[in-house]
Participant: 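Dropping a structure here in structure tokens format, bear with me for questions.
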Amino acid sequence: MGETERNPDWWRGCTLYQVYPRSFQDTTGDGSGDLIGVTQRIGHIASLGVDAIWLSPFFKSPMADMGYDVSDYRAVDPMFGSLEDFDALVEEAHRHGLKVIIDQVLSHTSDKHPWFVESRADRINSKADWYVWADAKPDGTAPNNWLSVFGGSSWEWDSVRRQYYLHNFLAAQPDLNFHNAEMQDALLDAVRFWLDRGVDGFRLDTVNYYVHDRWLRNNPPLAEAAAGTITETNPYLYQSHLFDKTQPENLDFLKRFRGLLEQYEGRASVGEVGDEGRSLQTVAAYTGGNDRLNMCYTFDMLGQEFSATYVRDRVEAYERNVADGWVCWAFSNHDVVRHVSRWVRLGEDFDLVAKFAITVLACLRGSICLYQGEELGLTEADIAFEDLRDPYGIRFWPGFKGRDGCRTPMVWEVEKENAGFSTGKPWLPIPREHLGRSANVQWGEKSSVLSRYRDVLALRKAHLSLGRGSIRFIDGDDDQVLAFFREANAEKSICVFNFSAEEKRWALPGGTLVFEEFDLESRGGILDGMSLTLQPRGCFLGRVL
């Protein structure tokens with residue numbers, strides 16, 4: 001009996017590792033990573049002790065938004081290789097005991113997708129209603145005030161149909177119409193294609209953007225915007241997005257999606273929820289019961305705030321709101337500034353922050369997701385405007401520099417050309433400061449960030465309380481110390497973290513007897529009787545009676 005049959009809910013408490021294929025490993029010399037490159041580096045991923053790989057899009061695409069504009073859901077873009085290369089990757093991952101999760105971009109397609117080419121041809125073709133089309137107002141302006149995440153109106157005029165179409169992102173990414181059941185059927189058929197090829201699950205991009213308001217009602221302004229006190233760079237953040245996303249009808253599609261997954265053994269889904277101010281309520285709705293998504297992640301831990309108070313507030317809010325669902329926590333991904341750069345204090349060591357952050361993340365209740373390069377402590381790269389590839393950054397430069405700074409290529413071998421990533425010119429420049437963090441430099445070094453990742457993930461896997469246990473926070477008189485119990489079956493663990501820049505003395509709760517300290521290199525916490533001495537960014541982990 002295989003692992004999937006023994007443990008169909010393997011995803012609960014698992015660790016995902018996100019691969020951004022274009023920046024992982026190039027084997028052709030064209031400067032862009034490919035699927036064969038991912039296959040060659042699976043040993044590195046497996047050595048971390050993760051459970052699954054999440055592959056960012058590798059489907060056929062014009063690459064207007066780096067593959068998040070799909071023109072064929074069933075084909076591999078030649079930039080990344082072939083279907084045979086994908087099959088070989090899945091086989092090698094499974095040989096190493098790793099699951100494979102792939103990105104599914106279902107809210108929109110490329111404007112080069114055959115569905116959209118047919119849909120825009122006229123108003124009576126078989127796919128005329130597969131996308132969101134609307135007439136202009138009498139004065140020729142857009143149907144309503146909805147805005148694109150990437151700037152400007154989310155409506156684009158089409159001169160052939162003489163109508164506007166909706167795009168929540170680029171104009172080259174028209175939104176699919178989820179009010180059309182036939183279109184949903186076609187999407188689910190595309191998902192089935194990959195299930196039949198052996199994938200273990202799906203990461204659903206912008207999962208709460210699928211369904212739009214049928215009546216196209218205007219979004220109201222945020223209170224801060226109405227008062228004139230808002231200071232956001234992007235006008236999208238001036239609105240309360242009540243009608244252009246997170247519609248109740250979305251639950252019906254998620255149930256259909258889950259129903260398809262249930263036809264296969266041990267498959268899983270994780271949704272990306274971008275829902276300003278309502279993210280936890282949306283996670284609760286999308287993961288509640290056993291007929292929707294298995295888990296979701298939000299942007300709650302992907303911002304500037306990283307303090308004991310904030311982490312406790314977000315986790316407790318999740319525990320209150322999501323009674324029977326499941327969350328996936330992440331500190332970094334391909335869309336945000338790398339967390340060591342977001343959270344380092346002036347004069348602070350980047351490695352210290354990297355080690356501290358992964359220890360916090362690995363101790364939280366839920367599944368966790370790592371982003372390639374964070375296990376090396378990679379910092380955000382400063383990309384010159386002329387080197388930018390991200391349309392989001394190009395649009396809002398210099399107020400917002402885009403997402404290319406977290407997408408630079410992996411650094412594997414310090415002594416090789418382009419740190420072993422490619423023999424050609426990389427599609428994004430490799431920062432000089434990343435070279436000393438190459439994987440081969442850190443591989444055998446016990447005090448490295450890479451070693452801390454392996455040690456912490458091994459600890460999480462070895463103790464059921466850390467992987468799947470309940471969480472209960474411990475009150476104290478210092479708001480810069482985060483402390484909680486994790487408990488599963490007969491095992492109870494204690495986790496204490498000092499977020500401050502100063503040494504802290506912290507008393508254990510009365511009656512707490514630690515009988516086993518979990519071993520971590522340079523963890524920065526010493527137990528003396530019933531008190532802990534915690535170094536700046538120090539932690540203490542142990543098992544209690």
Participant: Counting only N and O atoms by type, is there a donor-acceptor contact under 3.5 Å from the side chain of Gln173 to the main-chain atoms of Tyr68?
Facilitator: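 Yes, the answer is positive, given that a donor and an acceptor are paired below the 3.5 Å cut-off.
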
Participant: Does the plane of the ring in Tyr297 sit parallel, tilted or perpendicular to the ring in Trp54? Use 30° and 60° as the thresholds.
Facilitator: tilted

Participant: What's the verdict on side-chain hydrogen bond (donor to acceptor under 3.5 Å, both in side chains) for Gln104 and Asp205, showing C-alpha distance, side-chain angles and the deciding distance?
Facilitator: CA-CA 6 Å; Gln104 288 288 273; Asp205 182 63; over 6 Å; no

Participant: Pick one: which of Glu375, Glu374, Gln372 meets side chain to side chain donor-acceptor pair (under 3.5 Å) with Tyr17?
Facilitator: Glu375

Participant: Which residues pass the salt bridge (Lys or Arg N to Asp or Glu O under 4.0 Å) test with Lys127, not counting sequence neighbours?
Facilitator: Glu118

Participant: Do the side chains of Arg161 and Asp122 get close enough for a salt bridge, i.e. N-O under 4.0 angstrom?
Facilitator: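 A salt bridge is absent here (no side-chain N lies under 4.0 Å from a carboxylate O).
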
Participant: With sequence neighbours left out, write down each residue that passes ring-ring contact (aromatic ring centres under 6.0 Å, His included) with Tyr236, or none if nothing qualifies.
Facilitator: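 Partners of Tyr236 under the ring-ring contact (aromatic ring centres under 6.0 Å, His included) test: His241.
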
Participant: Determine whether Phe421 and Val411 make a side-chain contact, defined as any pair of heavy atoms from C-beta on separated by less than 4.5 Å.
Facilitator: no

Participant: Hey, could you give me the CH2/OG distance between Trp326 and Ser367, rounded to the nearest 0.5 Å?
Facilitator: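 Reported value, rounded in 0.5 Å steps: 6.0 Å.
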
Participant: side-chain contact (heavy atoms from CB on, under 4.5 Å), that's the test. Do Asp26 and Ser32 meet it? Break it down for me.
Facilitator: CA-CA 5 Å; Asp26 173 29; Ser32 290; 5.7 Å; no

Participant: Between Trp329 and Thr298, does a side-chain hydrogen bond (donor to acceptor under 3.5 Å, both in side chains) hold up when you go through it step by step?
Facilitator: CA-CA 8 Å; Trp329 299 111; Thr298 74; over 6 Å; no

Participant: Centres of the His167 and Trp155 rings: under 6.0 Å?
Facilitator: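 Between His167 and Trp155, the centre distance exceeds or equals 6.0 Å.
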
Participant: With the side chain counted from C-beta on, respond yes when Pro143 and Leu216 share a heavy-atom pair under 4.5 Å apart, and no when they do not.
Facilitator: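 In contact.
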
Participant: Is the shortest distance from a Lys or Arg side-chain nitrogen in Lys245 or Glu276 to a carboxylate oxygen in the other one below 4.0 Å?
Facilitator: yes

Participant: Spell out, as yes or no, whether a donor-acceptor pair under 3.5 Å connects the side chain of Asp175 to the backbone of Tyr210.
Facilitator: no

Participant: Considering residues at least two apart in sequence or located in another chain, which fulfil the ring-ring contact (aromatic ring centres under 6.0 Å, His included) criterion with Phe86?
Facilitator: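 Phe86: ring-ring contact (aromatic ring centres under 6.0 Å, His included) contacts with Phe58, Trp194.
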
Participant: Test side-chain hydrogen bond (donor to acceptor under 3.5 Å, both in side chains) on Asp129 and Asn177; report intermediate values, then the result.
Facilitator: CA-CA 7 Å; Asp129 194 40; Asn177 179 16; 3.2 Å; yes

Participant: Can you tell me if Asn250 uses its side chain to pair, donor with acceptor, with the backbone of Phe178 under 3.5 Å?
Facilitator: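 Looks like no, no N/O pair under 3.5 Å.
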
Participant: Check for a donor-acceptor pair, side chain of Thr408 on one end and backbone N or O of Ile430 on the other, with a separation under 3.5 Å.
Facilitator: no

Participant: Taking Asp85 for its side chain and Gly81 for its backbone only, find out whether a donor-acceptor pair lies under 3.5 Å.
Facilitator: no

Participant: Please say which of Thr27, Leu89, Asp87 ends up in a side chain to side chain contact (heavy atoms under 4.5 Å, CB included) with Leu35.
Facilitator: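 Filter result, single survivor: Leu89.
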
Participant: Take Asp34 and Gln25, measure what side-chain contact (heavy atoms from CB on, under 4.5 Å) needs, and give me the verdict at the end.
Facilitator: CA-CA 6 Å; Asp34 44 60; Gln25 177 67 67; 5.8 Å; no

Participant: If we ignore hydrogens and angles and just use 3.5 Å, is the side chain of Asn219 paired with the main-chain N or O of Leu242 as donor and acceptor?
Facilitator: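 It does hold such a pair.
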
Participant: Out of Tyr165, Phe116, Tyr164, which residue meets the ring pair (Phe, Tyr, Trp, His ring centres under 6.0 Å) rule with Tyr131?
Facilitator: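 Answer to the ring pair (Phe, Tyr, Trp, His ring centres under 6.0 Å) test with Tyr131 among Tyr165, Phe116, Tyr164: Phe116.
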
Participant: Identify each donor-acceptor pair in which a side-chain atom of residues 186-193 lies under 3.5 Å from a protein atom, sequence neighbours left out, and give them as a table.
Facilitator:
residue: Arg192; atom: NH1; partner: Gln263; partner atom: OE1; Å: 3.2
residue: Arg192; atom: NH1; partner: Tyr264; partner atom: OH; Å: 3.4
residue: Arg192; atom: NH2; partner: Gln263; partner atom: OE1; Å: 3.3

Participant: Salt bridge (charged side-chain N to carboxylate O under 4.0 Å, His left out) for Asp244 and Arg217? Distances and angles first, verdict last.
Facilitator: CA-CA 8 Å; Asp244 53 351; Arg217 286 171 285 186; over 6 Å; no

Participant: Give, for atom NZ of Lys60 and atom CE of Met63, the distance between the pair rounded to the nearest 0.5 Å.
Facilitator: 11.0 Å

Participant: Can you confirm whether Asn168 sits close enough to Thr206 that some side-chain heavy atom of one is under 4.5 Å from a side-chain heavy atom of the other?
Facilitator: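 They are not in contact (no side-chain heavy atoms under 4.5 Å apart), so the answer is no.
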
Participant: Relative to the ring of Tyr392, is the ring of Phe396 parallel (under 30°), tilted (30 to 60°) or perpendicular (over 60°)?
Facilitator: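 Taking Tyr392 first and then Phe396, their aromatic rings stand perpendicular (interplane angle over 60°).
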
Participant: Name all residues meeting the ring-ring contact (aromatic ring centres under 6.0 Å, His included) criterion together with Trp130; count only those two or more places apart in sequence or in a different chain, and write none if there are none.
Facilitator: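 Per chain and number, Trp130 pairs via ring-ring contact (aromatic ring centres under 6.0 Å, His included) with Trp115.
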
Participant: To the nearest 0.5 Å, tell me how far Lys99 NZ sits from Arg267 CZ.
Facilitator: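 So the gap between those two atoms works out to 8.0 Å.
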
Participant: Indicate the ring-plane relationship of Trp343 and His339, choosing parallel, tilted or perpendicular according to the 30° and 60° boundaries.
Facilitator: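 The arrangement is tilted - the two ring planes meet at 30° to 60°.
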
Participant: Are the side chain of His212 and the backbone N or O of Phe243 linked by a donor-acceptor pair below 3.5 Å?
Facilitator: no

Participant: Please work out whether the ring planes of His334 and Tyr371 are parallel, tilted or perpendicular, with thresholds of 30° and 60°.
Facilitator: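 Ring orientation, 0 to 90° scale: tilted.
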
Participant: Measuring from atom CG of Asp300 to atom CZ of Phe331, what distance do you get when rounded to the nearest 0.5 angstrom?
Facilitator: 11.5 Å

Participant: Give a yes or no on this: more than 12 heavy atoms of other residues, nucleotides or ligands lie within 6.0 Å of atom CD of Glu91.
Facilitator: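 Atom CD in Glu91 is not crowded, with 12 or fewer foreign heavy atoms closer than 6.0 Å.
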
Participant: Step by step, work out the side-chain hydrogen bond (donor to acceptor under 3.5 Å, both in side chains) result for Ser61 and Asp69.
Facilitator: CA-CA 6 Å; Ser61 166; Asp69 50 318; 3.0 Å; yes

Participant: Looking at CG of Leu388 and CG of Asp404, how far apart are the two atoms once the value is rounded to the nearest 0.5 Å?
Facilitator: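 Answer rounded to 0.5 Å: 5.5 Å.
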
Participant: Treating Ser422 as the side-chain partner and Gly424 as the backbone partner, does any N or O pair qualify as donor plus acceptor under 3.5 Å?
Facilitator: yes

Participant: Should the heavy atoms of other residues, nucleotides or ligands under 6.0 Å from CG of Asn290 be counted, would the total exceed 12?
Facilitator: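 Count not over threshold, so no.
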
Participant: side-chain contact (heavy atoms from CB on, under 4.5 Å) between Thr287 and Cys296: does it pass, once the steps are laid out?
Facilitator: CA-CA 7 Å; Thr287 63; Cys296 285; 3.7 Å; yes

Participant: First locate atom CE of Met301, then atom OG of Ser332, and finally report the distance between them rounded to the nearest 0.5 Å.
Facilitator: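 So the gap between those two atoms works out to 13.0 Å.
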
Participant: Considering only NZ, NE, NH1 and NH2 on the basic side and carboxylate oxygens on the acidic side, decide whether Arg22 and Asp77 come within less than 4.0 Å.
Facilitator: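 No, Arg22 and Asp77 are not salt-bridged.
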
Participant: Are the side chain of Trp412 and the backbone N or O of Phe24 linked by a donor-acceptor pair below 3.5 Å?
Facilitator: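 Pair found, side chain donor or acceptor close to backbone of Phe24.
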
Participant: Please determine whether the number of non-hydrogen atoms from other residues, nucleotides or ligands lying under 6.0 Å from atom NZ of Lys425 exceeds 12.
Facilitator: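 For Lys425, atom NZ is not crowded (no more than 12 foreign heavy atoms under 6.0 Å).
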
Participant: Do the side chains of Arg12 and Asp51 get close enough for a salt bridge, i.e. N-O under 4.0 angstrom?
Facilitator: no

Participant: Are the aromatic rings of Tyr73 and His113 close, with centres under 6.0 Å apart?
Facilitator: yes

Participant: Sequence neighbours excluded, which residues qualify as salt bridge (Lys or Arg N to Asp or Glu O under 4.0 Å) partners of Asp324?
Facilitator: none

Participant: Between Trp10 (side chain only) and Gly266 (backbone N and O only), is there a donor and an acceptor less than 3.5 Å apart?
Facilitator: yes

Participant: Taking only Lys NZ, Arg NE, NH1 and NH2, and the carboxylate oxygens of Asp or Glu, determine whether Asp335 and Arg403 approach each other closer than 4.0 Å.
Facilitator: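 Yes.
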
